[in-house]
Each structure stands twice: as C-alpha cells, then as structure tokens.
K.L.:
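Supplied in structure tokens, the structure appears directly below.
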Amino acid sequence: MLRSSSVILERDSKSEGSIQFQLNSEISDFTGKKMHGIIPTFLIAFLRWSGFIEVSDNKVKHHLSSRIFDISLFVTCIDIIVSTVINSGSVHKKLIAAYISCPIVSAIVWYEMRRKRKLITLLLQNAPMVNSSFYEKVINFAVFVSYFTSLVVPAILIITVVNPEFLTFFVYGCEFKNSWLLSVIGILKGSLYYMLYPCATNIVAIFYISSCWRCSIYINNLVNDIAKYTPDEFEQSKQLDILKKKANICRDLQSIQTVFSLPMFLILVANFFMCSSVLGGVLIKIKFADDDMIFIFYFVNAILCIITALWVAGSVPVEMSRFKEAFHQTTHERLLYYHTTEELHLKMDLFNEPDFVLTGCNILPFRRSTILTVIGTLLTYTVLVVNTN
C-alpha cells in the first residue's frame with residue numbers, strides 16, 4: 001500500500017513537472033515568437049526592457065534594465081517634487097499641487113504595471129491575432145515618437161530658453177557661473193523628467209490603445225465575416241463559430257479592463273491636472289518663463305492623450321453594436337424566409353447580454369461621448385478652482 005502510494009506521488013510529481021515545463025516552454029515560445037505577431041516591435045521592446053512582461057529566458061539585461069528604470073523614475077519623482085517646492089515662491093499653490101500630481105501619478109502607474117506583469121503576460125498570450133500593417137505602423141510610430149521626444153525635445157526646449165534663471169529650477173535655485181554646465185544639467189534632468197512624465201504614461205497609454213484597437217479590428221473582421229454569408233448559408237454551426245470568436249474577444253476585453261482600469265484612470269487624471277494647471281496659469285496670467293513652449297508642449301501632449309485614449313477605447317462598444325446589428329440582420333432574414341425558430345435562443349442570448357464598456361475604476365466610462373464631458377469639466381472646474389479663495 002505504501003509502495004503504491006509512493007509510486008502515485010512520484011508519478012504525480014513527474015506529471016506536475018512536465019506540465020510546468022510545458023507551460024514554461026509555451027511562455028518561452030510566446031515571448032520569443034508569437035509576441036511579434038501580436039503587438040508591434042517597438043512596443044515589445046519597451047515592455048521587455050521595462051519589466052512589464054515576464055520573459056522566460058531570464059536574461060540579465062532585462063532584469064537590470066527594469067531595476068534601472070525603477071530607480072531612475074522614482075528618484076526623478078522625488079527630485080521633481082523637491083525642485084518644484086523650492087521654486088514655488090512666485091507660483092500659485094493650486095497650480096503647484098496640480099503640476100506635482102503628474103509625476104506622482106506617473107510613478108504610481110509604473111508600479112501598478114510592474115505589479116501586474118503576470119496578468120499582462122497572460123493578456124498578450126491570449127490576445128487575438130490581427131493582420132493589419134496600418135495598425136502596426138501607427139503603433140510603432142507612436143512609440144518611436146515618444147522615445148524620440150524624450151531625448152530631443154528637452155534639449156531643444158532648454159537650449160532655446162531665453163532667460164538663464166529658468167534653468168536654476170534644475171539645481172534647486174542655486175546660481176552657477178558656468179552657463180554651459182547649467183545647460184548640461186538641465187538637459188540631463190529634463191530628459192529624466194520627461195521620461196517620468198509624460199513618456200512613461202504615454203507608452204502605457206499607447207499599450208492600452210493598441211490592445212483596444214486590436215480588439216476593435218477583430219470585432220470588425222467578425223462583422224465582415226457575417227456579411228459574407230447569405231441568410232441561407234448562415235446556418236447554426238456558422239453562427240456558433242462566430243459567437244465563440246466573439247466570446248473570446250469578450251474575455252480579452254475583461255482582461256484589458258482588469259489590467260488597465262486603474263492605470264488608465266490615473267493617467268487620464270494626471271493629464272487632466274496638467275491641462276488644468278496650464279489653463280489655470282493662463283487665466284490668472286502667471287508668467288511661467290520667457291519661453292512658454294514647454295508648457296504648450298505639455299498641454300498639447302496631455303489633451304491628445306485624453307482624446308486618443310477615450311476615442312479608441314470608445315470604439316469597442318461601437319464595434320460591438322455593429323456586430324449585434326449585423327448578426328440580427330442576417331438571422332432575422334433567415335427567420336423570415338426559412339423559419340429557423342430553433343436558432344432563436346442564440347439570438348436572444350446575444351441581445352440579452354449587457355453592452356460592454358471599458359471604464360476607469362468603474363468611475364469614468366470610456367466612450368467617445370466622454371471626450372466632450374471631460375473637456376467641459378476641464379474648463380468649468382479650472383475656472384472655479386482658480387477663482388476660489
């Protein structure tokens with residue numbers, strides 16, 4: 001009896017080991033090959049080097065780079081807070097609070113994404129494959145622009161600053177006799193500041209946008225598949241096949257909601273505060289610096305991030321509605337002409353399910369109509385807060 005039990009335990013341990021080995025090999029194959037067919041190349045590079053996904057090869061360079069990112073961003077966050085507080089004597093306290101919230105929120109988003117790297121890996125592993133060169137080119141271009149601007153824009157803005165006293169912000173208000181040394185420190189710190197916000201939040205937003213866009217493309221492909229069938233050809237087996245694919249998309253959307261609900265809500269809040277701080281400064285006529293291009297740049301980046309994220313995430317319920325309409329149209333004609341009453345339960349089950357809408361912490365619905373709401377709220381509450389003593 002004891003011997004048979006030991007044999008069973010040994011067999012179970014071997015089976016568990018083989019299962020674990022199989023899972024590891026699947027993840028290795030996924031991270032090495034399949035991933036290139038799911039998300040664009042530049043985005044893969046960022047997710048690997050930042051440690052947002054689990055890479056099974058355990059390369060030292062990936063672990064080292066993620067730790068360097070972690071330390072650099074959190075030290076930069078503290079440096080921004082200290083520098084802003086020291087140089088806040090001539091700026092309205094309400095605007096300072098709105099500005100400081102952006103790097104703090106960015107650091108929280110970074111930590112949240114690192115904490116969910118297992119869920120992110122599973123999300124990418126189960127993501128649908130889409131064949132769209134336009135999608136890949138747009139996402140690659142967006143990531144490249146974020147990389148490029150984090151290196152070039154801070155240097156251009158600091159070199160073109162008219163008033164050298166503005167650069168003392170980066171050295172805690174201290175005066176330097178060597179202007180070139182002050183410019184070098186400003187460029188280095190400016191690049192780190194930009195990497196923390198808005199570069200890091202932009203890449204996370206692009207990752208979210210790419211995931212939502214990929215699901216929208218897949219749903220649109222299902223709509224096109226339905227359009228290929230005549231009512232006579234759209235029999236029950238084909239309906240089940242379409243609905244199974246749609247169910248897989250719904251599971252992927254639930255995974256996207258689980259991973260990005262809090263990070264995207266915080267990113268939108270941070271960009272909202274950045275827009276509010278710049279608009280508030282304009283309303284109370286604060287002179288930020290002789291060259292206000294940096295604040296214009298931050299404002300444009302923030303408003304574009306809000307609009308793009310809400311627009312693409314809002315395309316999901318739009319495509320879902322198109323799917324239901326296409327499915328209803330074809331099955332309704334089939335019912336009228338071929339009296340297929342036995343298939344009604346599929347149609348009823350589809351139309352009884354609630355509409356899926358991505359949200360931020362179940363507070364902010366990501367619909368296209370939300371764009372006007374956010375812009376109206378931005379203008380209204382910025383004026384109210386600035387005029388409140």
Side-chain angles (χ1 to χ4, degrees), residues 46-47 50-52 66 69-85 88 91-117 119-120 146 149-150 154 189-209 256-281 294-295 297-310 313 358-366 370-371 373-375 377-378 381-382 385:
F46 174 81
L47 295 178
S50 62
F52 283 0
S66 63
F69 272 120
D70 293 343
I71 296 172
S72 300
L73 292 180
F74 284 102
V75 170
T76 303
C77 181
I78 296 173
D79 185 76
I80 291 177
I81 295 173
V82 173
S83 299
T84 304
V85 171
S88 62
V91 183
H92 204 285
K93 292 181 179 179
K94 295 174 184 177
L95 304 185
I96 291 296
Y99 176 76
I100 288 181
S101 64
C102 295
I104 295 175
V105 167
S106 183
I108 295 173
V109 169
W110 184 272
Y111 169 77
E112 184 68 13
M113 294 295 291
R114 294 274 280 120
R115 189 178 67 86
K116 292 181 176 179
R117 57 185 178 274
L119 295 177
I120 294 173
S146 295
T149 51
S150 64
K189 280 197 171 184
S191 298
L192 290 175
Y193 288 2
Y194 188 91
M195 284 180 61
L196 176 62
Y197 178 87
C199 184
T201 53
N202 282 348
I203 298 295
V204 174
I206 292 170
F207 183 24
Y208 177 74
I209 289 169
I256 293 173
Q257 175 68 17
T258 302
V259 171
F260 289 100
S261 178
L262 177 59
M264 281 307 301
F265 179 75
L266 293 176
I267 288 173
L268 294 181
V269 169
N271 287 316
F272 182 91
F273 283 157
M274 177 56 70
C275 293
S276 179
S277 64
V278 176
L279 287 177
I294 186 171
F295 302 102
F297 176 79
Y298 274 115
F299 178 82
V300 172
N301 177 86
I303 199 69
L304 284 179
C305 182
I306 292 174
I307 293 175
T308 307
L310 291 177
L358 294 164
T359 64
C361 294
N362 293 322
I363 298 175
L364 182 67
F366 293 164
T370 310
I371 297 174
T373 304
V374 170
I375 294 176
T377 304
L378 173 65
Y381 282 92
T382 299
V385 171

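Keep in mind that the numbers below use all heavy atoms, side chains included, and drop hydrogens, waters and symmetry copies.
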K.L.:
Would you mind reporting whether Thr377 and Phe272 have side-chain heavy atoms less than 4.5 Å apart?
P.N.:
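Sidechains of Thr377 and Phe272: in contact.
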K.L.:
Name all residues meeting the side chain to side chain contact (heavy atoms under 4.5 Å, CB included) criterion together with Thr308; count only those two or more places apart in sequence or in a different chain, and write none if there are none.
P.N.:
Ile209, Val312
K.L.:
Show the numbers, then the answer: is there a side chain to side chain contact (heavy atoms under 4.5 Å, CB included) between Ile203 and Phe52?
P.N.:
CA-CA 11 Å; Ile203 298 295; Phe52 283 0; 6.0 Å; no
K.L.:
Partners of Thr149 by side chain to side chain donor-acceptor pair (under 3.5 Å), sequence neighbours excluded?
P.N.:
Tyr194
K.L.:
Can a donor-acceptor pair be found, under 3.5 Å and without considering hydrogens, that links the side chain of Ser277 to the backbone of Met274?
P.N.:
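The answer is yes, because a donor-acceptor pair under 3.5 Å joins these two groups.
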K.L.:
Taking all non-hydrogen atoms of both residues, which atom of Met264 and which atom of Ala309 are closest, and how far apart?
P.N.:
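Closest heavy-atom pair between Met264 and Ala309: CE-CB, 3.8 Å.
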K.L.:
Run the ring pair (Phe, Tyr, Trp, His ring centres under 6.0 Å) test against Tyr197 and tell me which residues pass, sequence neighbours left out.
P.N.:
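By the ring pair (Phe, Tyr, Trp, His ring centres under 6.0 Å) rule, Tyr197 matches no residue at all.
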K.L.:
With sequence neighbours excluded, tell me which residues meet side chain to side chain contact (heavy atoms under 4.5 Å, CB included) with Ser101.
P.N.:
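With sequence neighbours excluded, Ser101 shows a side chain to side chain contact (heavy atoms under 4.5 Å, CB included) to Phe273, given in chain and number order.
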K.L.:
What residues, two or more places apart in sequence or in another chain, satisfy ring pair (Phe, Tyr, Trp, His ring centres under 6.0 Å) together with Phe69?
P.N.:
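Result, ring pair (Phe, Tyr, Trp, His ring centres under 6.0 Å) vs Phe69: Trp110.
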K.L.:
Using the side chain to side chain donor-acceptor pair (under 3.5 Å) criterion, which residues pair with Thr382? Sequence neighbours excluded.
P.N.:
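Once residues adjacent in sequence are excluded, the partners of Thr382 under the side chain to side chain donor-acceptor pair (under 3.5 Å) criterion are Ser276.
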K.L.:
Can you name the closest pair of heavy atoms from Ile303 and Cys275 and give their distance?
P.N.:
N-SG, 3.8 Å
K.L.:
Can the ring centres of Phe74 and Tyr111 be said to be less than 6.0 Å apart?
P.N.:
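No, the ring centres sit 6.0 Å or more apart.
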K.L.:
Ignoring hydrogens, what is the shortest heavy-atom contact between Leu266 and Val105? Give both atom names and the distance.
P.N.:
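Smallest heavy-atom distance, with atoms named: O-CG1, 3.1 Å.
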K.L.:
Return the set of residues passing side chain to side chain contact (heavy atoms under 4.5 Å, CB included) with Ile78 (not counting sequence neighbours), or none when no residue passes.
P.N.:
Val82
K.L.:
Mind checking side chain to side chain contact (heavy atoms under 4.5 Å, CB included) for Val75 and listing every partner two or more places apart, or none if nothing turns up?
P.N.:
Ile71
K.L.:
State, with a plain yes or no, whether a side-chain heavy atom of Thr201 is found less than 4.5 Å away from one of Cys305.
P.N.:
no
K.L.:
Determine whether Leu47 and Met113 make a side-chain contact, defined as any pair of heavy atoms from C-beta on separated by less than 4.5 Å.
P.N.:
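No; the side chains remain at least 4.5 Å from each other.
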K.L.:
Would you say Thr370's side chain and Phe366's backbone share a donor-acceptor pair under 3.5 angstrom?
P.N.:
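Between the backbone of Phe366 and the side chain of Thr370 there is no qualifying donor-acceptor contact (under 3.5 Å).
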K.L.:
Using the test side chain to side chain donor-acceptor pair (under 3.5 Å), find all partners of Thr373 that sit at least two apart in sequence or belong to another chain.
P.N.:
none
K.L.:
Compare every heavy atom of Pro103 with every heavy atom of Ile80, then report the nearest pair and how far apart it is.
P.N.:
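For Ile80 and Pro103, the tightest heavy-atom pair comes out as CG2-CG, 3.8 Å.
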K.L.:
Could you name each residue pair satisfying salt bridge (charged side-chain N to carboxylate O under 4.0 Å, His left out) that touches residues 263-273, not counting sequence neighbours?
P.N.:
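Non-adjacent pairs meeting salt bridge (charged side-chain N to carboxylate O under 4.0 Å, His left out): zero.
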K.L.:
List the residues meeting side chain to side chain donor-acceptor pair (under 3.5 Å) with Asp79, not counting sequence neighbours, and say none if there are none.
P.N.:
Tyr172, Lys189, Tyr193
K.L.:
Using the rule given for side chain to side chain contact (heavy atoms under 4.5 Å, CB included), can you reason through Leu279 versus Phe299, listing the C-alpha separation, both sets of side-chain angles and the distance that settles it, and then say yes or no?
P.N.:
CA-CA 9 Å; Leu279 287 177; Phe299 178 82; 3.8 Å; yes
K.L.:
What pairs of residues pass the salt bridge (charged side-chain N to carboxylate O under 4.0 Å, His left out) test when at least one of them lies in residues 103-112, not counting sequence neighbours?
P.N.:
Glu112-Arg115, Glu112-Lys116
K.L.:
Could you check whether any side-chain N or O of Asn271 sits under 3.5 Å from a backbone N or O of Ile267, counting only pairs where one atom can act as donor and the other as acceptor?
P.N.:
yes
K.L.:
Taking all atoms of both residues into account, what is the closest heavy-atom pair of Ser50 and Arg114, and its distance?
P.N.:
O-CD, 3.3 Å
K.L.:
Just by distance, do the side chain of Ser106 and the backbone of Leu196 share a donor-acceptor pair under 3.5 Å?
P.N.:
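Between the backbone of Leu196 and the side chain of Ser106 there is a qualifying donor-acceptor contact (under 3.5 Å).
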K.L.:
Any idea which heavy atoms bring Leu192 and Thr76 closest together, and the distance?
P.N.:
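Looks like O-CG2, 3.5 Å.
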K.L.:
Would you compute the distance between atom CG of Leu310 and atom CG of Leu364 and round it to the nearest 0.5 angstrom?
P.N.:
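The distance works out to 6.0 Å.
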K.L.:
As an exercise, state the distance from CG of Asn202 to CG of Asn301, rounded to the nearest 0.5 Å.
P.N.:
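Going from CG on Asn202 over to CG on Asn301, the span is 4.5 Å.
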K.L.:
Ignoring hydrogens and geometry, is there a side-chain-to-backbone donor-acceptor pair from Ser261 to Cys361 under 3.5 Å?
P.N.:
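Yes, Ser261 side chain to Cys361 backbone: donor-acceptor pair under 3.5 Å.
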